[in-house]
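Some notes on the structure that comes next.
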Amino acid sequence: MKTSWRSASLVAGAAALLALTTACGQDGGGPTGSQNVGATAAPGDVGDLGTGVGDGVGTGAGAGAGQSSASAPEPAGKLSVSANAEIGDLVTDGAGRTLYRFDADTAQPPKTTCENDCATKWPPVAADDALAGEGIDKELLGEVTRPDGTKQLTIGGWPAYRYAKDTAAGDVKGQGVGKKWYALAADGKKAKAEPAAGLSTREDPKLGEIVVDKNGMTVYRFMKDEAWPKPVSACTGACLAKWPVVAPVEANDTEGVVKKGLMSFTRPDGAAQQTIDCWPIYTFAGDKKAGDTNGQGVGGTWYAVKPDGKPVGAPKK
């Protein structure tokens with residue numbers, strides 16, 4: 001798993017805060033019951049859960065002596081770690097398909113409870129050919145014997161599955177199904193994305209590198225505002241309904257944004273607003289989803305913001 005950029009900046013956060021708020025004109029646990037997979041080699045739960053037929057878990061009446069042939073483990077191939085913006089780093093098989101874990105199973109000792117209809121919708125992953133690819137610790141790979149005698153791959157002790165509705169590499173349609181099925185992280189835990197930074201940057205295909213807020217929404221500047229010798233917002237009243245202010249963000253809660261002049265100020269209405277290079281920043285009500293840039297160039301006065309606070313595409317004075 002990747003080390004959080006946050007932890008690296010915490011030490012300097014307190015010391016940097018005083019400098020950044022000066023006047024704008026200044027420069028201022030492993031498994032215990034699984035065994036190592038013999039073929040591993042280290043290279044350089046809503047809608048499908050229940051107890052009835054077709055509901056995803058077939059461990060009740062009818063389970064009998066074993067499971068259907070549809071639940072026989074499918075080969076794993078070379079495992080690797082893939083990044084997903086919403087879920088975080090997760091394990092994928094040799095074909096790029098997401099691997100999942102089931103909360104009804106156990107890791108210590110490893111035990112699978114998904115059989116019959118459940119195993120049709122959540123095919124178990126075979127242990128025999130599993131290879132530890134990039135980002136995978138082979139010591140965390142193991143196997144568990146299923147009721148029919150086949151060997152299922154475990155990661156950190158947790159039995160691994162695919163989801164039948166994931167039809168292409170990179171699909172994560174099984175995430176959160178029944179609030180019991182979750183993508184597997186490399187350590188066997190549930191994959192979980194780190195919270196996004198309060199301010200960060202992204203590469204826009206038309207505008208280049210621009211600043212976004214914690215929700216991925218584009219950040220803008222108003223050309224009628226002032227920054228020197230102190231921030232002054234010219235967007236008031238009805239303007240604020242269309243251009244909501246960006247609330248203050250800690251300096252150590254940013255990524256890729258130039259920290260000089262990164263500060264907040266108090267508006268005449270008493271609200272606090274964030275600045276970049278001492279320029280007040282806003283989002284746009286007309287942007288409906290992350291990645292939208294519908295505010296760019298509006299009225300010839302609103303422009304997306306570069307990491308150093310400069311407006312993107314604004315006419316030169």
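The CZ atom of R97 sits 13.5 Å away from atom OG of S82, with the distance rounded to the nearest 0.5 Å. For the atom pair CD1 of I210 and CG of D204, the computed distance is 4.5 Å after rounding to the nearest 0.5 Å. Taken from CD1 in I276 to CE in M263, the straight-line distance is 13.0 Å, to the nearest 0.5 Å. Put simply, CD on E255 and CG on L199 are 11.0 Å apart, with the number rounded to the nearest 0.5 Å. The distance from the CH2 atom of W158 to the CG atom of D103 is 6.0 Å, given to the nearest 0.5 Å. Separating the CG atom in D105 from the OG1 atom in T113 is a distance of 4.0 Å, to the nearest 0.5 Å.
Residues L141 and L79 have side chains in contact (heavy-atom distance under 4.5 Å, counting atoms from C-beta outward). Proximity of R162 to L99: side-chain heavy atoms (C-beta onward) are separated by under 4.5 Å at one or more points. Put simply, the side chain of V245 reaches to within 4.5 Å of the side chain of L240, judged on heavy atoms. Between Y100 and P159, every side-chain heavy-atom pair lies at or beyond the 4.5 Å cut-off.
A donor-acceptor distance shorter than 3.5 angstrom exists from the side chain of D93 to the backbone of A95, with no hydrogens or angles considered. Put simply, the side chain of R221 never gets that close to the backbone of P280: no donor and acceptor are under 3.5 Å apart. Side-chain N or O atoms of D253 include none that pairs as donor or acceptor with a backbone N or O of A197 at under 3.5 Å. The backbone N or O of C114 lies less than 3.5 Å from a partner atom in the side chain of R146, making a donor-acceptor pair. In this structure a side-chain-to-backbone donor-acceptor pair under 3.5 Å is present from R202 to G291. Between the side chain of T106 and the main chain of Q108, no donor-acceptor pair closer than 3.5 Å is present. Of the possible polar contacts, none joining the D89 side chain to the V81 backbone as a donor-acceptor pair under 3.5 Å is found. For the pair Q273 (side chain) and S264 (backbone), a donor-acceptor distance under 3.5 Å is absent. Distance alone, capped at 3.5 Å, is enough to place a donor-acceptor pair between the D225 side chain and the A234 backbone. Counting only distance, with no hydrogens or angles, the side chain of D213 and the backbone of M217 share a donor-acceptor pair below 3.5 Å.
Applying the disulfide bond (SG atoms under 2.5 Å apart) test to residues at least two apart or on different chains, none of the pairs has a partner in residues 181-221. Note on residues 277-293: pairs passing salt bridge (charged side-chain N to carboxylate O under 4.0 Å, His left out), not counting sequence neighbours, are K289-D292.
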Steps toward side-chain hydrogen bond (donor to acceptor under 3.5 Å, both in side chains) verdict (K206, T293): CA-CA 10 Å; K206 294 182 179 180; T293 55; over 6 Å; no
Trace of the salt bridge (charged side-chain N to carboxylate O under 4.0 Å, His left out) decision for K151 with D128: CA-CA 7 Å; K151 304 293 186 182; D128 294 342; over 6 Å; no
Verdict with reasoning, W228 to E226, per side-chain contact (heavy atoms from CB on, under 4.5 Å): CA-CA 6 Å; W228 315 99; E226 297 178 13; over 6 Å; no
Full working for side-chain contact (heavy atoms from CB on, under 4.5 Å) between T154 and T112: CA-CA 10 Å; T154 63; T112 174; over 6 Å; no
Step-by-step side-chain contact (heavy atoms from CB on, under 4.5 Å) determination, Q274 to V219: CA-CA 11 Å; Q274 181 64 37; V219 167; over 6 Å; no
Step-by-step side-chain contact (heavy atoms from CB on, under 4.5 Å) determination, L153 to E143: CA-CA 5 Å; L153 175 69; E143 62 185 31; over 6 Å; no
Evaluation steps, side-chain hydrogen bond (donor to acceptor under 3.5 Å, both in side chains), between T98 and T92: CA-CA 4 Å; T98 302; T92 54; over 6 Å; no
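Ring pair Y163/W122 is parallel by interplanar angle, where below 30° counts as parallel and above 60° as perpendicular.
Annotation for Q296 and A304: closest pair OE1-N, 2.7 Å, computed over non-hydrogen atoms. Nearest heavy-atom pair across T275 and G261 is OG1-O, 3.2 Å. What you find for A186 and G135 is that their closest heavy atoms are CB-O, 3.6 Å. When all heavy atoms of A290 and N215 are compared, the closest pair comes out as CB-O, 3.6 Å. The shortest non-hydrogen separation linking I87 to V172 is CD1-CB, 3.6 Å. Contact detail for P307 and T201: the closest heavy-atom pair is CG-CG2, 3.8 Å.
One hydrophobic cluster holds both F102 and L90 under the rule that ILVMFWY side chains link at heavy-atom gaps under 4.5 Å. In the hydrophobic cluster analysis, where Ile, Leu, Val, Met, Phe, Trp and Tyr join through side-chain heavy atoms closer than 4.5 angstrom, F265 is grouped apart from V232. Under the 4.5 Å side-chain heavy-atom criterion for Ile, Leu, Val, Met, Phe, Trp and Tyr, I136 and I155 are members of the same hydrophobic cluster. V212 and I281 fall into different hydrophobic clusters, where Ile, Leu, Val, Met, Phe, Trp and Tyr are joined by side-chain heavy atoms under 4.5 Å apart, directly or via other members. Transitive grouping of hydrophobic side chains (ILVMFWY, heavy atoms separated by less than 4.5 Å) keeps V211 and Y282 in distinct clusters.
Judged as a ring pair (Phe, Tyr, Trp, His ring centres under 6.0 Å), and not counting sequence neighbours, the contacts of F284 are W243.
Annotation: K242, atom NZ; neighbour count of heavy atoms from other residues, nucleotides and ligands within 6.0 Å does not exceed 12. Applying the 6.0 Å contact sphere to NZ of K214 captures no more than 12 heavy atoms from other residues, nucleotides or ligands.
The pair D308-K310 counts as a salt bridge, with a side-chain nitrogen and a carboxylate oxygen less than 4.0 angstrom apart.
Ring to ring, W302 and F222 are close: their centroids are under 6.0 angstrom apart.
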